[in-house]
S.K.: 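Dropping the structure in here first, questions after.
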Amino acid sequence: MNNDKNSHSYKQNEDVNLSMDSIHARDNTELILTRKKTRYTNGANKIIEKVQNEFLERKRVEEIDFALKNKDKKRFLELTSDNWKDVL
């Protein structure tokens, strides 16, 4: 029986390098989604939070542009307020 947690087959440095690459990458969504497996380590929550924030920021920019295009003052003010995450 081959145990994948065996210290001889587990390559911790590979996981650390993958995690560090995704922390420093500009857009990590594709990197995370294409990985063969994901391990939740101490840094995983930072990575997940960073990806979620990047997504929200991009969505916010799109929505602001759309509000400006349609001259929707109310929507623009909501998206530029301090609680803009609640609006999305």
Side-chain angles (χ1 to χ4, degrees):
M1 179 181 264
N2 186 8
N3 183 354
D4 66 349
K5 298 205 186 303
N6 184 335
S7 63
H8 298 291
S9 65
Y10 178 64
K11 297 178 177 85
Q12 184 176 4
N13 288 340
E14 286 182 17
D15 286 341
V16 170
N17 290 338
L18 285 172
S19 297
M20 295 310 292
D21 287 346
S22 60
I23 287 175
H24 297 295
R26 173 111 171 100
D27 182 12
N28 347 342
T29 308
E30 200 62 36
L31 179 64
I32 289 173
L33 293 175
T34 57
R35 280 195 190 153
K36 188 162 63 170
K37 65 179 182 177
T38 301
R39 294 179 53 89
Y40 282 85
T41 60
N42 293 336
N45 286 335
K46 285 183 182 180
I47 294 168
I48 292 168
E49 183 178 346
K50 183 175 185 256
V51 170
Q52 289 173 338
N53 285 333
E54 287 173 0
F55 173 80
L56 287 175
E57 287 287 341
R58 281 194 302 273
K59 183 71 174 166
R60 178 185 186 207
V61 168
E62 290 173 9
E63 291 286 325
I64 288 173
D65 289 344
F66 188 72
L68 288 171
K69 180 181 174 185
N70 293 328
K71 300 186 184 338
D72 187 347
K73 182 179 179 180
K74 180 180 181 250
R75 182 73 173 156
F76 175 79
L77 291 174
E78 290 173 344
L79 292 165
T80 55
S81 68
D82 289 339
N83 62 343
W84 63 269
K85 287 184 180 180
D86 297 335
V87 176
L88 288 179

S.K.: Verify the cluster assignment for I48 and F55: are they in a single hydrophobic cluster under the rule of side-chain heavy atoms below 4.5 Å apart?
M.R.: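 Not linked; separate clusters.
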
S.K.: Treat each ILVMFWY residue as a node, draw an edge where side-chain heavy atoms are under 4.5 Å apart, and state whether V51 and L88 are in one component.
M.R.: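 Different clusters.
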
S.K.: Rounded to the nearest 0.5 Å, how far does CD1 of I64 lie from CG of L77?
M.R.: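 Going from the CG atom of L77 to the CD1 atom of I64 covers 10.5 Å.
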
S.K.: What residue pairs, at least two apart or across chains, pass side chain to side chain donor-acceptor pair (under 3.5 Å) with a residue in residues 59-70?
M.R.: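 For residues 59-70, and leaving out neighbouring residues, the side chain to side chain donor-acceptor pair (under 3.5 Å) pairs sorted by first residue read E63-R75.
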
S.K.: How would you list, by chain and number, every residue that makes a side chain to side chain donor-acceptor pair (under 3.5 Å) with T80, sequence neighbours excluded?
M.R.: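 If we apply the side chain to side chain donor-acceptor pair (under 3.5 Å) test to T80, skipping adjacent residues, there are no hits.
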
S.K.: Residues two or more places apart in sequence or in another chain: which of them pass side chain to side chain donor-acceptor pair (under 3.5 Å) with N83?
M.R.: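 In terms of side chain to side chain donor-acceptor pair (under 3.5 Å), with neighbours along the sequence ignored, N83 is linked to S81.
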
S.K.: Say whether F66 and V61 are linked into one hydrophobic cluster, either directly or through other cluster members, by side-chain heavy-atom distances under 4.5 angstrom.
M.R.: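 No.
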
S.K.: Please report the shortest heavy-atom distance between L56 and W84, naming the atom on each side.
M.R.: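 Closest pair (atom of L56, atom of W84, distance): O-CZ3, 3.8 Å.
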
S.K.: Name all residues meeting the side chain to side chain donor-acceptor pair (under 3.5 Å) criterion together with K71; count only those two or more places apart in sequence or in a different chain, and write none if there are none.
M.R.: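 K71: no side chain to side chain donor-acceptor pair (under 3.5 Å) contacts found.
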
